[in-house]
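Step one of this worksheet: look at the structure below.
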Amino acid sequence: QVQLVESGGGLVQAGGSLSLSCAASGQTFSPTVMAWFRQAPGKDREFVAAISWNGGMTNYADSVKGRFTISRDKAKNTMYLQMNSLNVEDTAVYYCAGEPRGTDFRVVGLYDYWGQGTQVTVSS
């Protein structure tokens, strides 16, 4: 059984930065792709960023491109999301997800593994 655990959320002022982590544990976990999603109150869960586990691919939602950076440390089985220039619209619960069943890694329903989520709140 694979477990994904996010950490690093919190409260920050607009224009500030936060860094999230997602640690994978359990059985041998070697996903092809891992991703970050977020869900704001009253809204659907949406894609934020994805990374190929063996390197060579990163992909971002237009709303975060140029402000967020996704990365991973294979040796630590950990994925990261560095978030800069945060604004109020970035407020949401952020989830990490692993191993999509299919090639469209932006689709929420394709992921087998999810973390419990971490709250990010940006104040104006």
Side-chain angles (χ1 to χ4, degrees):
Q1 185 74 14
V2 174
Q3 287 187 321
L4 302 179
V5 179
E6 302 97 337
S7 61
L11 174 64
V12 66
Q13 285 191 326
S17 299
L18 278 176
S19 181
L20 306 182
S21 299
C22 172
S25 63
Q27 68 187 56
T28 301
F29 186 55
S30 183
T32 53
V33 171
M34 289 193 70
W36 289 97
F37 289 79
R38 67 186 182 185
Q39 188 165 17
K43 295 188 177 181
D44 292 336
R45 193 169 298 189
E46 65 175 5
F47 171 79
V48 174
I51 187 167
S52 60
W53 203 242
N54 289 320
M57 185 281 288
T58 57
N59 189 275
Y60 298 91
D62 288 343
S63 59
V64 307
K65 201 172 294 182
R67 301 187 298 122
F68 291 11
T69 302
I70 190 171
S71 62
R72 75 348 179 198
D73 185 331
K74 291 177 65 177
K76 295 182 178 180
N77 260 5
T78 301
M79 177 176 66
Y80 305 95
L81 186 68
Q82 177 64 40
M83 305 184 293
N84 298 326
S85 301
L86 286 161
N87 55 57
V88 174
E89 290 72 31
D90 295 316
T91 295
V93 177
Y94 283 70
Y95 298 90
C96 65
E99 199 51 72
R101 290 174 281 106
T103 58
D104 192 349
F105 46 77
R106 292 179 172 231
V107 177
V108 171
L110 293 184
Y111 283 83
D112 284 334
Y113 303 110
W114 290 90
Q116 82 288 352
T118 185
Q119 177 71 46
V120 171
T121 303
V122 185
S123 63
S124 58

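The figures here come from the full heavy-atom set of this structure, side chains too, leaving out hydrogens, waters and symmetry mates. In what follows, residues are counted from 1 in the order of the sequence shown.
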When clusters are formed by joining ILVMFWY residues with side-chain heavy atoms under 4.5 Å apart, either directly or through shared neighbours, do L110 and I70 land in the same one? no
Any side-chain to backbone donor/acceptor pair from Q39 onto E46? Under 3.5 Å, distance only. no
Between L86 and F68, is there a side-chain heavy-atom distance shorter than 4.5 Å? yes
Would you say the side chain of I51 lies within less than 4.5 Å of the side chain of F105, judging by non-hydrogen atoms? no
Is W53 reachable from V2 through a run of I, L, V, M, F, W or Y residues, each pair having side-chain heavy atoms under 4.5 Å apart? yes
With a 4.5 Å heavy-atom cut-off, do M83 and V64 have their side chains touching? no
Counting only heavy atoms from other residues, nucleotides and ligands, does the tally under 6.0 Å from CD of Q3 exceed 12? no
Look at the rings of F37 and F47 and say which category their plane angle falls in: under 30° parallel, 30 to 60° tilted, over 60° perpendicular. perpendicular
So CG of L4 and OG of S25: to nearest 0.5 Å the spacing works out to 8.0 Å
Identify the two heavy atoms, one from Y60 and one from R106, that lie closest to each other, and give their separation to 0.1 Å. O-NH2, 3.0 Å
For the residue pair C22 and W36, establish whether any side-chain heavy-atom pair is separated by less than 4.5 Å. yes
Check the pair D90, R67 against side chain to side chain contact (heavy atoms under 4.5 Å, CB included), reporting the backbone distance first and the verdict last. CA-CA 11 Å; D90 295 316; R67 301 187 298 122; 2.7 Å; yes
Just so I know, are the side chains of Y94 and E6 near enough to count as touching, which here means a heavy-atom distance under 4.5 Å? no
Is there side-chain contact between S63 and E89, with heavy atoms separated by less than 4.5 Å? no
Exactly one candidate in L20, V93, L11 meets side chain to side chain contact (heavy atoms under 4.5 Å, CB included) with V120; the answer is L20
Criterion side chain to side chain contact (heavy atoms under 4.5 Å, CB included) on E99 and T32, from CA distance to verdict: CA-CA 6 Å; E99 199 51 72; T32 53; 3.2 Å; yes
For D44, does the CG atom sit with more than 12 other heavy atoms under 6.0 Å from it, leaving out its own atoms? no
